[in-house]
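Notes for the one structure printed next.
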Amino acid sequence: MSSKEEKAIGGDVTPEKESLPAAPDYNAGLAPEATAHDRMEDDFWTRNGLNLRSFKKRDYGEGTVELERSMKTRHLHMIAIGGSIGAGFFVGSGSALRTGGPGSVLIDFLIMGIMMFNTVYALGELAVMFPVSGGFYTYSTRFIDPSWGFAMGWNYVFQWAIVLPLELTVCGLTVQYWRPDTSVAIWITVFFVAIVIVNIFGTLGYAEEEFWSSVIKLAATVIFMIIAFVLVLGGGPEGGAYSEYQGAKLWYDPGAFANGFRGFCSVFVTAAFAFSGTELVGLAAAEARNPVKSLPGAIKQVFWRITLFYILGLFFVGLLIRHDDERLLGGNPYADVHASPFVLVGVTAGLKGFDSFMNVVILVSVLSIGVSSVYGGSRTLTALAQQGYAPKIFSYVDKSGRPLFSVGIIIIFGLLAYVNLDADGPTVFDWLLALSGLAALFTWGSICLAHIRFRKAWAYHGHTIDEIPFKAIGGVYGSYLGLFLIFLVLIAQLFIAICPVSGGFNTAEGFFKSYLALPVVLFFWVCGYFWKRTGWLTVDKIDVNTGRRELPWDEINEYRASLAAMPAWKRIYHIVFV
C-alpha cells in the first residue's frame, strides 16, 4: 500500500498543511440513519425522552449505534472536577482517619492522587483519539487482550451496580440524621425514584445533574476549607474546641499515625473507593459534542479535584479531628454520616447548623454518585453488548439516545438497598461491597497498560508523537508510574487481607471480604477467554486506525505555534491547567 493510500484511510496522518485531513466528523462510525441530522427530525419531546415514542428503538441500520452527543464543555469540566465525590470521601474518610491516622490519610491519598493524575491523563490521550462508546473497557479489548477487556467491562458494570444500593442507603441514613424516627426504607424509595426520574432525561439529565451537584460540592468544599483554616488558627466560637490555636498539635497527640504499618496500608482501599468514578470523564467523552475540543480541558481539571478536594480537604480534617475520637467508630464505615469527619468538625467547633449544612452536601454528593452509577454501568454494559460480550438486548438504544435495557438492569440493582432492612442485611451488604472494593484499581491499571500498549503500537506502525493531538503530561512514563503504584496498593491490600488492622491473621471470610475483587476479575478473564478464544495481542496485531477521529490539524498546529511563542511560565500554565 502506498503512503497516499495509507493517509486516505487515516493510517499516517501528519501535521503538515498539505496533508491535513478534513474537518472533524463527529458522526464518524454512525450508520446513516443515526446521524444528528436525522435525530433532529424527531420532535423536542421525543429527543428528550418525554413521550412514549421516545422509548421506541432507534433505527440505526447495520452500524453500531453511538449514544447521544449532547454533553457540553461545561458538563465535562464539572464532571472532572467534582463528579464522583461521594460517600467514600465525605463519610469513608472518617474510617480511614480512625484506622490510619491523619499522616496515613494524607500520604495514602497523595499517592493515589499521583496515580490518578497519570491515569486520567493517559485516558484523556486515548479518548481524544478514540472517543468511543465503552471508553476504557474498549481500550483494554483493543490494546491489551480481548479476554481481559471482557473481564474489565463486566468488572466495571458490577462495580457500579453494587455502588448504587450503597449510595441509596447513605441517602436514607443521611436524612435520618434529622428524622431518626422515620424508616430508612422511606428515604431509600424517595431517592430511588429521584434517580429514575433523572435517567428519564438520558445523557442530558446526567450531565445537568452532575454539573449542578458538582457546583454545590465545589462551593461547599471551598467554604469548609475557609472555615477549617479559621478553626485551625483558633478562630472558633468561645466554648468550642477550636477557640484556641490548633496548628498541628493533633499530629503529636494522639499522633500522625495509628496502628503502625497495618493502619497505613488499610487506608489505601478507602482512598481507592473515594477516587472511584474519576475515570467517568473519559466515558462521557463518547457523548460530548466536540470531545477533541472539550476533553483536554476537562482532563486538566482533575488536578484541582485531587489538590482541592482530597489533599487540602483531608489535611484540614486531620488537623481538627483526633484519630482516636470515639465518634469515628460508625457502624458501616461508608454509610454512617454520624461518623463523617466533615460533620464532626462542625459539631466539635460548636458551629450551629454547620453539621446540617455538611449533611446536605453529603446528600447531594451521594445522590450524584447514584446517578453516576447508572450512567457508568449502563454505558459499559451497552458497549459489551455491541461487541458481543453481553446479551444483545442490552445494545438497545431508544430514539432519545438512552440505552434503555442497560439503564433498567442497573436501576434494578438499586433495590438491593432494601437488603439492609433485614437483620442479616449488613452481612450481605458487606459481601457486595467486597466485590467493588478493589474493582476500580483493576480499571485504572488497565487504562495505564492500554496507554503503554497503544504508544508501542503507534510507534510500530510508523507514527510519531507529534501526530497525537493531546498527550499525557507524563507520557508513557506516567503510565508506568501509575501502573507501579496500583501494583503497590494491591500488594498493600493483600497484606491487610492476610494481616488485618485488628492484629493476628485473618479468617478465610475476612480475607475474601478484603480481596474478593481479584478472584472475581480472574473468573471473568477466564470466561472471556473461553467465550472468544482470544489472548494477549502482539504489537503487530494492535489496530491503531479503526475508529480514529479525523483531526483539524490546522487548528492544532496554530495552537501549538502560539503555545511555543509563550513565556515558559505561561506555557506551563496552559499545558497543565487550560
Residues D466, T464; criterion side chain to side chain donor-acceptor pair (under 3.5 Å); working and verdict: CA-CA 5 Å; D466 287 336; T464 66; 4.9 Å; no
Least distance between heavy atoms, G101 atom then A258 atom: N-CB, 3.9 Å
Aromatic ring pairing F511/Y515, orientation class (parallel under 30°, perpendicular over 60°, tilted between): tilted
Whether N118 side chain and I114 backbone form a donor-acceptor pair below 3.5 Å: yes
Full working for side chain to side chain donor-acceptor pair (under 3.5 Å) between Y375 and E209: CA-CA 12 Å; Y375 178 82; E209 183 277 332; over 6 Å; no
Which atom of I111 lies closest to which atom of L485, heavy atoms considered: O-CD1, 3.8 Å
S368 versus E210, closest heavy-atom pair with distance: OG-OE2, 2.5 Å
W458 and H463 aromatic ring geometry - parallel, tilted or perpendicular at 30°/60° bounds: parallel
Nearest atoms (heavy-atom pairs only) where A161 meets F413: O-CB, 3.5 Å
Within-4.5 Å side-chain heavy-atom neighbours: Y121 and F470: yes
Side chain to side chain donor-acceptor pair (under 3.5 Å) assessment of Y156 paired with W160: CA-CA 6 Å; Y156 200 68; W160 283 121; 3.0 Å; yes
From S479 atom OG to L123 atom CG, the distance as rounded to the nearest 0.5 Å: 10.0 Å
Exceeds 12 heavy-atom contacts within 6.0 angstrom, atom CH2 of W212: no
Student check: side-chain heavy atoms of T278 and F275 closer than 4.5 Å: yes
Worked check of ring-ring contact (aromatic ring centres under 6.0 Å, His included) between F524 and F158: CA-CA 11 Å; F524 279 128; F158 275 100; 5.7 Å; yes
Smallest separation among heavy atoms of T99 and S266, with atom names: OG1-OG, 3.5 Å
Heavy-atom pair of closest approach, residues A390 and L381: CB-CD1, 4.0 Å
